[in-house]
Amino acid sequence: LASITNPKGAENLKNDLYSNARKARHGDAIVDSTKLENNVKNYRNELQKGGSAPFKTASLKKLDEIEEVASKGTIPIEELEKFKISINSLRSGLYEEFKGNKAGRKLAKSSLDKVSNIVDQSLNEYGKTNPEWEAFYRPANEVHGAIAQSHKARNWIGRHMKLIGFPTI
């Protein structure tokens with residue numbers, strides 16, 4: 001709700017939390033990528049069942065990118081953080097990509113959510129070894145999610161206000 005009433009304040013809080021998390025992260029922080037690689041392979045196999053479909057494309061590409069970086073046995077935490085950002089960016093573009101295809105949009109979002117969860121598992125492993133980083137990174141993600149939800153709510157309200165003849169925000 002705060003991100004609707006004070007969007008710049010919520011954005012500033014998110015940016016501050018991410019900045020503090022970066023400062024708390026050791027510059028060369030890495031995590032073992034064995035579980036990550038297995039999870040990527042398992043989910044790719046699941047996605048490939050039934051052949052190709054437009055809703056699978058972004059997730060399969062992102063899985064390929066993750067696997068390429070994780071194949072060295074370890075993966076830098078900074079890289080995982082950047083994967084989270086790119087996954088969130090892909091999710092935010094789904095409405096335009098699947099404009100008239102609500103079912104496809106939901107399937108694509110669900111698929112990207114699973115890829116995001118795979119990345120989160122590795123980030124959680126690092127958080128266990130660096131609780132100071134975790135104390136900033138997790139709330140930053142929560143604020144980011146709240147901002148995204150407020151944008152969805154604001155857009156929904158705006159669309160429905162137009163339908164009943166009220167001026168939009």
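It should be emphasised that the depicted structure is a prediction, and the values quoted were computed from it without experimental measurement.
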Q: If you take all heavy atoms of Ile30 and Pro76, which pair is closest and at what distance?
A: CG2-CA, 3.9 Å
Q: About how many Å separate CD1 of Ile118 and CG of Asn38, when rounded to the nearest 0.5 Å?
A: 10.5 Å
Q: By salt bridge (Lys or Arg N to Asp or Glu O under 4.0 Å), which residues pair with Glu134, not counting sequence neighbours?
A: Arg138
Q: Can you hop from Ile87 to Leu47 via hydrophobic side chains spaced under 4.5 Å?
A: yes
Q: Working to the nearest 0.5 angstrom, can you tell me the gap between Asn130 CG and Glu125 CD?
A: 13.5 Å
Q: Could you go through the side-chain contact (heavy atoms from CB on, under 4.5 Å) check for Asn39 and Asn117 one step at a time?
A: CA-CA 10 Å; Asn39 290 336; Asn117 288 339; over 6 Å; no
Q: Could you grab the distance from atom NZ of Lys84 to atom CG of Asn88, nearest 0.5 Å is fine?
A: 5.5 Å
Q: Any idea which heavy atoms bring Gly104 and Asn101 closest together, and the distance?
A: N-OD1, 2.7 Å
Q: Please, which pairs that meet ring pair (Phe, Tyr, Trp, His ring centres under 6.0 Å) have at least one residue in residues 10-66, sequence neighbours excluded?
A: Tyr18-Tyr137
Q: Given salt bridge (Lys or Arg N to Asp or Glu O under 4.0 Å), test Glu65 with Lys62 step by step and report yes or no.
A: CA-CA 5 Å; Glu65 293 170 4; Lys62 195 54 61 183; 2.6 Å; yes
Q: Carefully, step by step, assess Glu81 and Arg22 under the rule salt bridge (Lys or Arg N to Asp or Glu O under 4.0 Å).
A: CA-CA 10 Å; Glu81 291 172 344; Arg22 278 190 300 278; over 6 Å; no
Q: Report yes or no: do Ser111 and Lys56 form a side-chain donor-acceptor pair below 3.5 Å?
A: no
Q: Starting from Val119, can I reach Trp133 by hopping between I/L/V/M/F/W/Y residues whose side chains sit under 4.5 Å apart?
A: yes
Q: Is any side-chain heavy atom of Lys114 closer than 4.5 Å to one of Ser110?
A: yes
Q: For Asp32, does its backbone N or O pair with a side-chain atom of Thr74 as donor and acceptor, under 3.5 Å?
A: no
Q: Assigning hydrophobic clusters by single linkage (Ile, Leu, Val, Met, Phe, Trp, Tyr; side-chain heavy-atom cutoff under 4.5 Å), is Leu63 placed with Val69?
A: yes
Q: Would you tell me whether Lys35 and Ser122 have side-chain atoms, one donor and one acceptor, within less than 3.5 Å of each other?
A: no
Q: When you check the gap from the basic side-chain N to the acidic O, do Glu97 and Arg105 get nearer than 4.0 Å?
A: no
Q: Is Glu46 salt-bridged to Lys49, going by a charged N under 4.0 Å from an acidic O?
A: no
Q: So which atom in Ala140 and which in Lys14 form the shortest heavy-atom distance, rounded to 0.1 Å?
A: O-CG, 4.0 Å
Q: Over all heavy atoms of both residues, which pair between Ala24 and Phe136 is shortest? Give the atoms and the distance, please.
A: CB-CD1, 4.4 Å
Q: Mind checking the CZ-CG spacing from Arg91 to Leu112? Nearest 0.5 Å is all I need.
A: 7.0 Å
